[in-house]
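Beneath this line is the structure, given in structure tokens, with notes to follow.
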2 protein chains.
Amino acid sequence: MGVFSKTCEYALRAVFFIAHRTAEGGKVGIKEVADGIASPEYFLAKILQDLSRKGIIQSAKGPHGGFFIDDKSRKNSLSEVVKAVDGNGLFTGCGLGLEYCSEVNPCPLHNQFKDIRNQIYLMLKNTSIEQFNEDLSLGITALKK
Amino acid sequence: MGVFSKTCEYALRAVFFIAHRTAEGGKVGIKEVADGIASPEYFLAKILQDLSRKGIIQSAKGPHGGFFIDDKSRKNSLSEVVKAVDGNGLFTGCGLGLEYCSEVNPCPLHNQFKDIRNQIYLMLKNTSIEQFNEDLSLGITALKK
DNA sequence: ATATATTAATACCTTTTTATCCTTTTTATA
DNA sequence: TATAAAAAGGATAAAAAGGTATTAATATAT
Ligand code: FES
Ligand code: FES
């Protein structure tokens, strides 16, 4: 497994996709999102439902419904998305799984690991959801395959 | 979940513990290791069996038997341990879970993520198993709680 | 108002990971 | 040679993650 859980990977890709597709208003359906990011449809549905409850994205039922991201939410940083899905253990936890990460009782990898952990956090904190809309439009970056 | 799987966390802590305790020759039993790194004994047993089969650590059955790490193996880097347990997906995989990580079809996070991923690799590659023996002896670093 | 089609939400099932128990094999030594 | 100590291996179970089928909500046409 990678740095993020599968659930979190799908969540991040979906959030990018939805932000991109609803930048000019409008909504996008679950099937389209699932296809756009190559994820299992119903599993993604559950993830989006959760993100919706937590206010990371928005949704509307019924015909012409779908998922979207409002102006305020699209300014959110990726760290909010990761925190909503995986919690913030990735940002604060010990790399070797000690109960607490601390300077007073550090694990052998602590000094090196804390820097890396912080860089992961900064990367996510300093990146907004909407930030890649243009790259996606230009086909510079991809969300599947 | 953190950067490493639970299995991998236990493996790394155990490897540090065994290297430290068998630096002057001798062996250490599974119960002692499990206690020393605060891990479930029988689950750890499986992990150590696996590490032993893969040549990361060594073991001896019978009275006065136990686990140990020979001179050659203790020079191994942590990346070997992680690779043995979790594979090398952590070192090569896409942060957002795309099938392949590549420059030609990069995900939005690719440029930032590849640096971080490489730092994780370098940290592990440049750290040997035996490297923390002294710190552990001095109580500067810990493997439990 | 009501039926209908559309769509998200929920309840359910499967697989993987993590953890435990029990039996077998190996081996030092009494 | 018998005994006990220790890892190895098989079988099982609980928990978490991953994935699928069904249900509920709603806009719109009639
Ligand atoms: S104690 Fe392990 S990373 Fe801080
Ligand atoms: S393509 Fe995603 S990290 Fe390289």
Side-chain angles (χ1 to χ4, degrees), chain A residues 1-15 17-18 21-22 26-69 82 84-87 89-90 96-97, chain B residues 1-14 17-18 21-22 25-35 37-69 85-87 89-90 97:
Chain A
M1 190 32 49
V3 170
F4 306 114
S5 68
K6 213 114 196 70
T7 300
C8 194
E9 289 174 352
Y10 289 145
L12 287 168
R13 301 220 302 273
V15 157
F17 186 88
I18 297 169
R21 286 296 292 275
T22 66
K27 311 186 185 69
V28 57
I30 179 67
K31 276 195 275 292
E32 210 174 339
V33 180
D35 185 61
I37 70 170
S39 78
E41 177 181 337
Y42 295 109
F43 184 43
L44 182 64
K46 208 166 54 175
I47 297 169
L48 294 189
Q49 173 194 339
D50 187 48
L51 290 177
S52 169
R53 265 197 299 269
K54 288 172 175 162
I56 303 289
I57 66 176
Q58 288 74 42
S59 70
K61 281 186 174 183
H64 304 112
F67 295 95
F68 61 101
I69 302 188
V82 172
V85 177
D86 278 353
L90 187 61
L96 293 188
Chain B
M1 189 33 51
V3 170
F4 306 114
S5 69
K6 212 120 195 65
T7 300
C8 193
E9 289 174 353
Y10 289 147
L12 287 167
R13 301 220 303 271
F17 185 87
I18 297 169
R21 286 295 293 274
T22 66
K27 311 183 185 72
V28 58
I30 179 70
K31 275 194 275 293
E32 211 174 337
V33 180
D35 185 62
I37 70 169
S39 77
E41 178 182 336
Y42 293 106
F43 185 48
L44 182 63
K46 295 291 184 205
I47 297 169
L48 295 189
Q49 271 168 40
D50 187 47
L51 289 177
S52 171
R53 268 194 299 268
K54 287 173 175 160
I56 303 289
I57 65 175
Q58 287 74 42
S59 68
K61 284 183 171 183
H64 304 112
F67 295 94
F68 61 102
I69 302 188
V85 176
D86 278 352
L90 188 61

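Values below: all heavy atoms of this structure, side chains included; hydrogens, waters and symmetry mates excluded. Naming convention: chains lettered A, B, ... in sequence-line order (proteins, then strands); numbering from 1 in each chain. Fair warning: this is a prediction, and the values are worked out from it, not measured in the lab.
- An OP1 or OP2 oxygen of C:dT18 is reached within less than 4.0 angstrom by a side-chain nitrogen or oxygen of B:Thr7.
- A:Phe68 has its CZ atom 11 Å from the P atom of C:dA8, to the nearest Å.
- Nearest nucleotide to the side chain of A:His64, out of D:dT22, D:dG18, D:dT28: D:dT28.
- B:Lys46 contributes a side-chain N or O that forms a donor-acceptor pair with the base of D:dG10 under 3.5 Å.
- Rounded to whole angstrom, the span from the CZ atom of A:Phe43 across to the C1' atom of D:dT20 amounts to 11 Å.
- Between the CD atom of B:Glu41 and the P atom of D:dA8 there is a distance of 13 Å, rounded to whole Å.
- Picking from D:dG18, C:dT18, D:dT26 the nucleotide with the shortest atom distance to the side chain of B:Lys6 gives C:dT18.
- The side chain of B:Phe67 lies closest to D:dA8, out of C:dT10, D:dA8, C:dT18.
- Between A:Leu44 and A:Ile37, the closest side-chain pair of non-hydrogen atoms falls below 4.5 Å.
- Of the side-chain N and O atoms in B:Arg53, one or more sit less than 4.0 angstrom from OP1 or OP2 of D:dG9.
- The side-chain tip of B:Lys6 points at the ring of B:Tyr10 from less than 6.0 angstrom away and within 45° of straight on.
- Residue A:Pro63 places its side chain closer to D:dT26 than to any other of C:dA19, D:dT26, C:dC22.
- In this structure, the nucleotide among C:dA19, D:dT26, D:dA7 sitting nearest to the side chain of B:Lys61 is D:dA7.
- Counting any heavy atom pair closer than 4.0 Å across all strands shown, A:Val85 reaches no nucleic acid atom.
- Applying the 4.0 Å criterion to OP1 and OP2 of D:dA8, one finds that B:Ser59 has a side-chain N or O inside that range.
- Put simply, NZ on A:Lys27 is 13 Å from C1' on C:dT6, counting in whole angstrom units.
- Atom CD1 in A:Ile47 sits about 14 Å away from atom P in C:dA9, given to the nearest Å.
- In terms of phosphate contacts, A:Ser52 brings no side-chain nitrogen or oxygen within less than 4.0 Å of OP1 or OP2 of C:dA8.
- Each of A:Gly65 and A:Gln49 has a nearest nucleotide on DNA chain C; the 5'-most of these lies closest to A:Gly65.
- Whole-Å rounding puts the B:Tyr42 OH to D:dA11 P distance at 18 Å.
- Summarising the local packing, NZ of A:Lys54 is surrounded by more than 12 heavy atoms from other residues, nucleotides or ligands at distances under 6.0 Å.
- In this structure, B:Lys27 and B:His64 have side chains that are not in contact, with every pair of non-hydrogen atoms separated by 4.5 Å or more.
- Distance CG (B:Asp50) to P (D:dG10): 13 Å, rounded to an integer number of Å.
- Across all strands shown, B:Ala45 has no heavy atoms under 4.0 Å from either base or sugar-phosphate atoms.
- The shortest distance between the side-chain N/O atoms of A:Tyr10 and the OP1/OP2 oxygens of D:dG19 is below 4.0 Å.
- Atom P of nucleotide D:dA7 and atom CG of B:Leu48 are separated by 9 Å, given to the nearest angstrom.
- Side-chain contact between A:Val85 and A:Leu51: present, with at least one pair of heavy atoms (C-beta onward) separated by less than 4.5 Å.
- Taking the side chain as every heavy atom from C-beta outward, B:Ile30 and B:Tyr42 never approach each other to under 4.5 Å.
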